[in-house]
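Side-chain atoms are counted along with the backbone in the values below, which use heavy atoms only and exclude waters and symmetry mates. Every number for a ligand or one of its atoms is a count from 1 in the order of the listing.
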Amino acid sequence: MSPVLAEHVSQAIYLLAAGLFIFSLRWLNRPETARRGVLAGVVGMSAAVCGTLLHPEIASYLWIAVAMALGTAVGIPLSRVPLTAVPQRTALSHAFGGLAAGLVGVAKYSLWLGEGLLTPFRTGVIGVEVILGFLTFTGSLMAAGKLQEIVPTRPITYRGQNYVNLALLGVAALCGIVLVFDPSRWPLFAMVVALSLVFGVLMILPIGGADMPTVISILNSYAGLSAVAMGFVLDNKLLVTAGALDGSSGFILSLIMCRAMNRSFTNVLFGAFGQVQAATASAGQRAVKSATPQDVVDILENASSVVIVPGYGMAVAQAQHRVRETFDQLTRRGVKVRFAIHPVAGRMPGHMNVLLAEADIPYEALVEMDDINRDLPQTDVVLVVGANDVVNPAARHDRASPIYGMPIIEADKAKLCVAIKRTMNPGFAGVDNELYYADNTLMLFGDAKAMLGEIAKILGGERGIH
Ligand code: NAP
């Protein structure tokens, strides 16, 4: 193929890939079309790679083949991690993306420095790419380490920390500005790289492990922005488009997560949320009413409407299949069973939707928080499965609570509430839950999978309908 034709064909492929990326994001918005969205993303990315391979300036395909083999060797095992480890796997993907952008920036800087081609625009864009790329690299590695508990998960704070961090970033940006006017000062460029790498680590230190999913989506938007800068450096419009989609979707997702937790961006980034809090005097002293699986079966069988509220504990226990069995048994008896989905239940966006879909629970049975809250006062039984913060009524009235203002699923307003969890230990926010002490709440203590297994077994036993 002639170089001119190859260029035209690759541009056409890029246009197709950009369209597929946009449709992919659109389809990923709904469970019914999500699989199509994933497929469109995969086809778009494969097309983009093929289009790039047509570029006439590629002199040797050997290194590309080596890189692809290495990427595949690392990517296949990474794709097989359990669902609960997806946040750290995503953080690693962002780390690789950030590293790639940073390295392309370094390569282009040294190449163009030697050839005398560093214009102020190019140097400025390379500066942005390198800062965002390398801070995303180390920041995402730290985030993955905290989630995997290789790095201490508690927030590590010291006086003046935010000033030190901002000063570091400020010096890196200043070096970048000086370079725009005099690109030949390569020691300054090396300093930008080093400071960005250090900044990524320091930025994550004060953030608690449990806040990492939100931080990961913020890092996602940084990785996207560095890809935009890389697109300008390489004069590749598809990279600019894909980076902008990545950057803006990561930003929107972090906003949605912050809103669902009633937290601000600054509170997530600088709030040191998740530090051990002094236990409240009342905790552990009030009485709770506990029940057996048989008691719960009797209650469920006599209900006409049941709402199941899944939470992080369901994910830890991998109880979704037992939830499905309970759902099947109850619906066969004519009980109306629905699922209340809180946007930040679990530890990553869509966590509950994915687990329930894995157990083939029909999408129509899943109801969003605002809609289900309207029905809860008329609901006979709410069955809370390993959810805690997302059903804590303190969020409505206790101004001193760290979760004050967070929208919750109002399980306490139902006629009766049954909560399955192992102990009286708090959830992610580290606060006691007054729902458990309410007159209309029964506790079923135990592992969610074991308890629901018991419930489903009794329901399916001799009294069951087959
Ligand atoms: P949660 O408040 O963290 O509570 C989970 C509960 O599950 C715990 O109280 C725990 O109690 C119980 N549990 C753990 N293992 C269990 C098992 N094997 N069987 C039964 N129960 C088990 O969870 P949540 O109500 O889903 O709330 C999510 C929290 O994460 C919110 O505070 C949210 O802001 C935060 N968050 C979410 C995201 C997101 O994207 N989804 C991101 C960042 C932060 P026991 O130990 O007593 O069993």
Worksheet item: Under a 4.0 Å N-O cut-off, is there an ion pair linking Asp328 with Arg324?
Response: yes
Worksheet item: Would you call Lys289 and Asp295 a salt bridge, using N to O less than 4.0 angstrom?
Response: no
Practice prompt. Please check if any side-chain donor atom of Arg333 sits under 3.5 Å from a side-chain acceptor atom of Gln329, or the reverse.
Written response: yes
Item to complete: Nearest heavy atom to atom 21 (N) of ligand 1 wins, so pick from Lys421, Gln318, Met352, Arg347.
Response: Lys421
Worksheet item: What do we get for Arg422 next to ligand 1 when only non-hydrogen atoms under 4.0 Å count, side chain, backbone, both or neither?
Response: both
Worksheet item: Given Asp389, Thr423, Val309, Asp447, which has its nearest heavy atom closest to atom 18 (N) of ligand 1?
Response: Asp447
Fill in: Closest candidate by heavy atom, reference atom 6 (C) of ligand 1, pool Gly386, Ala260, Ala315, Pro426
Gly386
Discussion item. Heavy-atom contact check, 4.0 Å cutoff: does Pro310 meet ligand 1?
Written reply: no
Worksheet item: If you measure every N/O of Met424 against every N/O of ligand 1, is any gap under 3.5 Å?
Response: no
Worksheet item: Is it the case that Tyr312 and Asp389 place a side-chain donor and acceptor less than 3.5 Å from each other?
Response: no
Fill in: Inter-residue atom distance Met443.CE - Thr441.OG1, 0.5 Å rounding
8.0 Å
Item to complete: State the atoms of ligand 1, each with its element, that fall below the 4.0 Å cut-off from a heavy-atom position in Ala387.
Response: 25 (O)
Worksheet item: His351 near ligand 1, heavy-atom distance under 4.0 Å?
Response: no
Worksheet item: For Asn388 and Tyr436, does a side-chain donor sit closer than 3.5 Å to a side-chain acceptor?
Response: yes
Worksheet item: Between Asn220 and Ser217, do the side chains contain an N or O donor and an N or O acceptor separated by less than 3.5 Å?
Response: no
Worksheet entry | Shortest reach to atom 28 (C) of ligand 1 by a heavy atom, considering only Asn425, Val344, Leu444 | Val344
Practice prompt. Show which atoms of ligand 1 fall inside a sub-4.0 Å distance from at least one heavy-atom site of Met348.
Written response: 39 (C), 40 (O), 41 (N)
Item to complete: Heavy-atom contacts with Val390 under 4.0 Å: which atoms of ligand 1 show up? List them by number with element.
Response: 25 (O), 27 (O)
Worksheet item: So which bit of Met257 gets within less than 4.0 Å of ligand 1, heavy atoms only: side chain, backbone, both or neither?
Response: side chain
Fill in: Gly311-ligand 1 polar pair, N/O distance under 3.5 Å
no
